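Reading through the structure tokens given below for one structure.
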Amino acid sequence: MRTWLYKADTSLSPYVYISPFFILFAVFGLFPLGYTAWVSLHDWSLLSDEHSFVGLGNYSELLADPYFWNALRNTLSILALSTIPQLILALILAHLVNRPLRAKTLWRLGMLLPNVTSVVAVVVIFSQLFGRDFGLINWLLESFGLGRIDWQAGVASSHVAIAAMITWRWTGYNALIFLAAMQAVPKELYESATLDGATAGQQLRKITIPSIRPTIIFVVIVSTIYGLQVFAEPQLFAGGGPNGIIGGPDRQFQTLTLYMYEHGFNRGFEFGYASATAWVMFGLIVLAAAVNYLITRRIRSSR
């Protein structure tokens, strides 16, 4: 009897220990995902008791909507403008902090502060900085003899302003991820490079970046996933209200999440259409993850 109980305990207890995660994931992850897919196949509105089955009708309507393609272009534009400078700055910051410095912990905590700051506070401050009439950015432009820019009115200018918010908020966080990867790079490589006369920039290009390439790919994918779901920055940049939901009066900075929110909560509570938008976004994220897997696999096989 004791032998049977011992065998049962050793074989079943590991599954019992990990079961809470899978139960929670099934309830709060898989079920909402599957239910959203079911809703996306219906003409589902909270204002109606009838939810007729329309198949892929919501998806065909979505792909035929020029506002959807406008939101996708805006999302990709903001993603590119925020991710590329963000990763370059994060690499440089991590490389600098990885060198012998006084008060290393203080510098590392300082890099993390923008990320723990409330996104509402960040957007409010940056909205003031990019203000048309009294913003600090326009004051600096006028100091150099350039004209004022209405940052919210233009497509490119609004994308730059929103990308600046995202870059400021996430650069330090990504720098700490890079720093953690850099700590695993053998110090002997840097010592040998220093003896050979390599500068800090050469060490970054020739030693650091090749050594932490998988981490760079991971950060790129995570930043891409976040960029495809950006919501608070453009919504608050317009000051909230109707303009915030549609991303400006001309939809010049409406992102995919704002587009989904507009149809799901601001225009007839069209949950079927909004769910179809969510699944298209999910497809884009899966595509980004697949690209990450292929690139990582190719890098590992080339070693």
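What you are looking at is a predicted structure, and each value in this text was computed from that prediction instead of being measured.
At least one side-chain heavy atom of Leu56 sits less than 4.5 Å from a side-chain heavy atom of Leu41. By the 4.5 Å heavy-atom criterion applied to side chains, Phe231 and Leu258 are counted as neighbours. Counting heavy atoms from C-beta on, the side chains of Tyr226 and Leu79 never come closer than 4.5 Å. Contact of the Met182 side chain with the Val97 side chain is not registered, since no non-hydrogen atoms from C-beta on lie closer than 4.5 Å. At a threshold of 4.5 Å between non-hydrogen side-chain atoms, the residues Leu256 and Leu284 count as touching. Residues Val185 and Ile212 have side chains in contact (heavy-atom distance under 4.5 Å, counting atoms from C-beta outward).
Taking Ala193 as the reference, Ala198, Gln203, Ile207 meet the side chain to side chain contact (heavy atoms under 4.5 Å, CB included) condition, with sequence neighbours excluded. Applying the salt bridge (charged side-chain N to carboxylate O under 4.0 Å, His left out) rule to Glu142 yields the partners Arg148; only residues at least two apart in sequence or on another chain are considered. With sequence neighbours excluded, the residues forming a side chain to side chain contact (heavy atoms under 4.5 Å, CB included) with Thr171 are Gln86, Leu89, Ala90, Leu93, Thr167, listed by chain and number. Qualifying side chain to side chain donor-acceptor pair (under 3.5 Å) partners for Arg169, counting only residues two or more places apart in sequence or in other chains: none. Residues passing the side chain to side chain contact (heavy atoms under 4.5 Å, CB included) test with Leu204 are His95, Thr208, Ile209, sequence neighbours excluded. Contacts of Asn58 classified as side chain to side chain donor-acceptor pair (under 3.5 Å), with partners at least two apart in sequence or in another chain: none. Scanning for ring-ring contact (aromatic ring centres under 6.0 Å, His included) contacts around Phe126 gives Trp168, with sequence neighbours left out. Residues passing the side chain to side chain contact (heavy atoms under 4.5 Å, CB included) test with Ile125, sequence neighbours excluded: Leu129. Every residue two or more places apart in sequence or in another chain that forms a side chain to side chain donor-acceptor pair (under 3.5 Å) with Glu270 is listed here: His263. Evaluation of the side chain to side chain donor-acceptor pair (under 3.5 Å) rule for Tyr173 yields no partner, not counting sequence neighbours.
Between the Ser60 side chain and the Gly57 main chain, a donor and an acceptor come within less than 3.5 Å of each other. Remark: side-chain polar atoms of Ser77 are not paired, donor with acceptor, to backbone N or O of Arg73 under 3.5 angstrom. A donor-acceptor distance shorter than 3.5 angstrom exists from the side chain of Gln152 to the backbone of Phe237, with no hydrogens or angles considered. The backbone N or O of Glu61 lies less than 3.5 Å from no partner atom in the side chain of Asp65, so there is not a single donor-acceptor pair.
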Decide yes or no on side chain to side chain contact (heavy atoms under 4.5 Å, CB included) for Leu72 and Thr255, but give the supporting numbers first.
CA-CA 6 Å; Leu72 179 60; Thr255 60; over 6 Å; no
Before giving the answer on side chain to side chain contact (heavy atoms under 4.5 Å, CB included), spell out for Val124 and Leu236 the whole-Å C-alpha distance, their side-chain angles and the decisive distance to 0.1 Å.
CA-CA 8 Å; Val124 168; Leu236 296 172; over 6 Å; no
Going through the distances and angles, do Trp151 and Asn138 end up as a side chain to side chain contact (heavy atoms under 4.5 Å, CB included)?
CA-CA 9 Å; Trp151 294 95; Asn138 277 340; 3.2 Å; yes
Are Leu33 and Trp279 close enough, and set up right, to give a side chain to side chain contact (heavy atoms under 4.5 Å, CB included), and what steps lead you there?
CA-CA 9 Å; Leu33 191 65; Trp279 263 90; 3.9 Å; yes
Which atom pairs, donor and acceptor, lie under 3.5 Å between side-chain atoms of residues 217-224 and protein residues at least two apart or in another chain?
| residue | atom | partner | partner atom | Å |
| --- | --- | --- | --- | --- |
| Ser223 | OG | Val219 | O | 2.8 |
| Thr224 | OG1 | Val220 | O | 2.7 |

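Environment of CD1 in Ile84: sparse, with no more than 12 heavy atoms of neighbouring residues, nucleotides or ligands closer than 6.0 Å.
Relative orientation of the Phe271 and Phe265 rings is perpendicular, given thresholds of 30° and 60° on the angle between their planes. Using the six-membered ring where Trp is involved, Phe21 and Phe25 have ring planes that are parallel, under 30° apart on the 30 and 60° scheme.
Phe22 and Phe31 sit in two unconnected hydrophobic clusters of ILVMFWY residues. Membership requires side-chain heavy atoms under 4.5 Å apart, directly or through other members. Note: the hydrophobic cluster containing Val39 does not contain Phe28 (ILVMFWY, side chain heavy atoms under 4.5 Å, direct or indirect links). Residue Ile166 is grouped with residue Val160 when hydrophobic side chains (ILVMFWY) are merged at heavy-atom distances under 4.5 angstrom, including chains of intermediate members. Residues Phe253 and Val119 share a hydrophobic cluster, clusters being chains of Ile/Leu/Val/Met/Phe/Trp/Tyr side chains in contact below 4.5 Å. Grouping the Ile, Leu, Val, Met, Phe, Trp and Tyr side chains by contacts below 4.5 angstrom, directly or via other members, places Leu287 apart from Leu76.
For the residue pair Gln183 / Asn98, a side-chain donor-acceptor distance below 3.5 Å is found, with atom types taken as modelled.
Rounded to the nearest 0.5 Å, atoms OG1 (Thr83) and CD1 (Ile78) are 10.5 Å apart. Summarising the geometry, atom CZ belonging to Phe130 is positioned 10.0 Å from atom CD1 belonging to Ile162; distances are rounded to the nearest 0.5 Å. Expressed to the nearest 0.5 Å, how far CH2 of Trp139 lies from CG of Leu141 amounts to 11.0 Å. Rounded to the nearest 0.5 Å, atoms CG (Leu91) and CD1 (Ile177) are 11.5 Å apart. For the atom pair Phe282 CZ and Thr277 OG1, the distance stands at 15.0 Å (nearest 0.5 Å). Ser158 OG to Ile149 CD1: the interatomic distance, rounded to the nearest 0.5 Å, is 11.5 Å.
Every pair passing side chain to side chain donor-acceptor pair (under 3.5 Å) that includes a residue from residues 28-43 is listed here, sequence neighbours excluded: Ser40-Tyr59.
Considering every non-hydrogen atom in both Pro85 and Ala80, the closest pair reads CD-O, 3.9 Å. Shown here for Ala94 and Ala175, the closest heavy-atom pair between the two residues is CB-O, 3.3 Å. What you find for Thr257 and Met281 is that their closest heavy atoms are CG2-CE, 3.4 Å.
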